[in-house]
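Beneath this line is the structure, given in structure tokens, with notes to follow.
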Amino acid sequence: MLQVNAFHSIRHSITAFAVAATLFAGSAQAVDVTGAGSTFVQPIVTKWSATYAEKTGNHINYGGGGSGAGIAQIKAATIDFGASDKPLSPDELSAAGLGQFPIVIGGVVPVVNIEGVKAGEIKLTGAQLGDIYLGKIKKWNDPALAANNAGVKLPDAAIQVVSRSDGSGTTFNYTNYLSKVNAEWKEKVGEGTSVQWPVGVGGKGNAGVAAYVQQINGSIGYVELAYALQNKMAYTQVQNSAGKFVTPNLASFAAAASHADWKSAKDFQLVITNAPGDDSWPITATAFALIYKTPKDAAHSKAVVDFFKYAYSEGGKAAEALDYVPLPAALVAQIEAYWKAEVKL
Amino acid sequence: MAASAESIAIPQSDEQRARRDGFADRLFRRIVAGAGIFVLVTLAGVALTTLWGGREAFATFGFKFLASSEWDTVGKQFGALAPVYGTLVTAAIALIIAVPVSFGIALYLTEIAPPWLRTPVASAIELLAGIPSIIYGMWGLFVFVPIMGRYIIPWLNDHVGEWPVIGGLFKGPPLGLGMLTAGIVLAIMIIPFISSVMREVFLTVPTRLKESAYALGSTTWEVAWDIVLPYTRTAVIGGIFLGLGRALGETMAVTFVLGNVHRLSLSLLEPGNSIAATIANEFAEADSEIFRSSLIALAFLLFVVTFIVLAIAKLMLRQMEKKEGK
């Protein structure tokens, strides 16, 4: 009798607990989710999370800190999602139990400061960009540059090369592009979030590079599009893999993103520089989110996925306002399929 | 009776008081000793953790880490020579400029300036010392770098650049950035520290010493050089080393104007790198173990460099005192 009573009361309390738990989950309590990593996506993720919080009450706290920090922290499971400018390989992902998908598209833009040269006037091939950054093309009136710049008056001035001194995804995408189009660059310097620059000076951050280029006559640097536009800098046209010279803007970034071969990229491991297509900007970049495939805290991971669903479907305008390009629809469909297949929620 | 009671009571309370004082004194000693040991523990902690964190770099590259200026993050070859060199050169430039200027400021404020001007200028110096370094860096980048690039560096190239021996130091592209610019910005940053220490200690020189010298017919310069400076030398050198320590470890201001490249160049007009700037620039995206370890090893080297510089200073000071027969 006593035992039965005890059993009853235990069963009661279990039922009560289960009911409470369902109520708790059902009432969709606000979830606080933390992410960190790429500073490249920080402005847009912050913007999205503000509008998302208004809509759902869930807070997405994004800490920036750099891609390296984002990767380290998601591996250590101190955050709910990481963001990286450089895709991880499927091997590295599976070793850490992580899944990966693109967040947003942006682009890297060469900018120059040459007296009398306006935005979009100078045309450069990828090979020439590589040679300039290798220190092989030393002057703006070098005959090699004159060949594709008929009509532009290039001065007899030394080229001052400006690069990023801090490790960054911008540098990764830029050097990745140079490695694809300039064999000597690939062999001597290679690609990375920071590399050993053969010539020139290094500025800290996009802002540092922009400031150096604006102050040094005859300089060339590379920044994200937003910085080039905000500072009214003279960006260059660059020849893409189809041989066409294109102007950097959201349309040419979007073209590169849609022409890129995402279908055959396992875990979306694809750097879309030098993408095919007549109107593709050659130095287009993607930022990637990293989440656990088997989450320790399902509610948090569900909120992360839900947040990105919202960002893809309703965050396009906000992205464009900040000079990012929303992902093409086909890619979004592919990501949603990937979530279904790979992430256990 | 009353007197005898008193005579008993007094030694008792004396004894109590002595015991209480003894306890308070011991407690005070322990607290102060703890504060002193805290410094040693911090020092040892920083040294050991940076040495431990950098062990992979030291083990992999060995002596080459000190002797090589290669910093190839892709090929994973790291050498600390360029940042160590840049750190020493920029700090040296800063001291060469800051010490005489600070001496002038302190002397003016204690000996020459009219009394109503002394306090406002002294407060202004202390205010300057409180400005965060990033402000100096931004001022350097947006205001000073264009001036250097447009006027000063072309002038140096045309005039000083042709001189024998030291000409090579002043030949370079008119970027405006570089080790000379960084040194000058550092000098401006450390002048408030050095000059306010100098002013404080110049004020401690007894008036009778100075007035005796004036009475014997000394000029103001002679009083400053022969009376004030010898009297305050230890403290003045202490002030200079406070400034030097700041110059060696300064990060943000230097990062903005130094150019941040791992190349060794003789010319002061070329961009360079410093230890603190390298760490600040590259730590966030250091994506391999050996890269991260090399940066921590750099931090250890900064520690060692500072230690060596301070030790040399102490030795010099002792030599000077020996010469004087103290």
Side-chain angles (χ1 to χ4, degrees), chain A residues 36-39 64-72 84-86 88 138 157-172 175-176 179 185-205 207-212 214-219, chain B residues 69-79 82 134 137-138 140-150 153-154 172-178 181 251-263 270-274 277-289 291-292 295:
Chain A
S38 160
T39 47
S67 304
I71 295 169
S84 170
D85 297 328
K86 183 178 170 177
L88 300 187
K138 291 188 170 68
I159 300 179
Q160 307 289 355
V161 172
V162 181
S163 54
R164 277 283 284 272
S165 60
D166 51 334
S168 75
T170 313
T171 298
F172 166 72
T175 52
N176 173 278
S179 298
W185 182 272
K186 185 174 184 178
E187 183 206 335
K188 282 192 178 161
V189 185
E191 61 177 61
T193 50
S194 62
V195 298
Q196 189 174 32
W197 300 98
V199 290
V201 298
K204 185 161 164 53
V209 173
Y212 279 11
Q214 283 171 315
Q215 287 177 9
I216 301 171
N217 280 327
S219 59
Chain B
S69 66
E70 179 155 1
W71 192 267
D72 182 357
T73 50
V74 180
K76 301 199 185 353
Q77 290 298 314
F78 299 97
I134 182 126
M138 286 167 64
L141 177 58
F142 291 112
V143 181
F144 190 58
V145 165
I147 295 174
M148 285 293 286
R150 222 162 289 156
I153 292 179
L175 295 171
L177 309 156
T181 313
T251 311
M252 283 319 292
V254 171
T255 307
F256 272 70
V257 297
L258 188 53
N260 305 311
V261 289
H262 289 276
R263 278 195 300 272
E270 292 276 359
N273 219 335
S274 85
T278 303
I279 297 171
N281 269 318
E282 302 183 17
F283 198 74
E285 294 283 345
D287 49 8
S288 62
E289 279 298 314
F291 189 4
R292 191 169 283 253
L295 288 171

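Letters A, B, ... are given to chains in the order of the sequence lines, protein chains preceding strands, and every chain is numbered from 1.
- Note: B/Glu70 CD to A/Gln196 CD = 5.0 Å, rounded to the nearest 0.5 Å.
- The ring-ring contact (aromatic ring centres under 6.0 Å, His included) check on B/Phe291 picks up B/Phe78, with sequence neighbours excluded.
- Interface remark: A/Tyr212 contributes side-chain atoms only to the contact with chain B (heavy atom separation under 4.5 Å).
- Under the ring-ring contact (aromatic ring centres under 6.0 Å, His included) criterion, B/Phe283 pairs with no residue at all, not counting sequence neighbours.
- Nearest heavy atom pair, residue B/Thr73 against residue A/Val195, reads OG1-CA, 3.3 Å.
- With chain B as partner, the option from A/Gly200, A/Ala69, A/Ser168, A/Ala211 having the largest number of non-hydrogen pairs under 4.5 angstrom is A/Gly200.
- When every heavy atom of B/Pro271 is checked against every heavy atom of A/Val201, the shortest pair comes out as CG-CG1, 3.3 Å.
- Of the atoms belonging to B/Ala277, not a single heavy atom falls under 4.5 Å from chain A.
- In this structure, CD on A/Gln215 lies 5.0 Å from CG on B/Leu141, to the nearest 0.5 angstrom.
- At a 4.5 Å heavy-atom cutoff, the contact between B/Met252 and chain A is made by side-chain atoms alone.
- Here A/Gln214 pairs with A/Asn231, A/Met233 under the side-chain contact (heavy atoms from CB on, under 4.5 Å) rule; sequence neighbours left out.
- Between B/Thr255 and A/Asp166, the closest side-chain pair of non-hydrogen atoms is not below 4.5 Å.
- Heavy-atom proximity under 4.5 angstrom to chain B picks out A/Gln160, A/Ser165 from residues 158-165 of chain A.
- Using a 4.5 Å cut-off between heavy atoms, B/Arg263 touches chain A through its side chain atoms alone.
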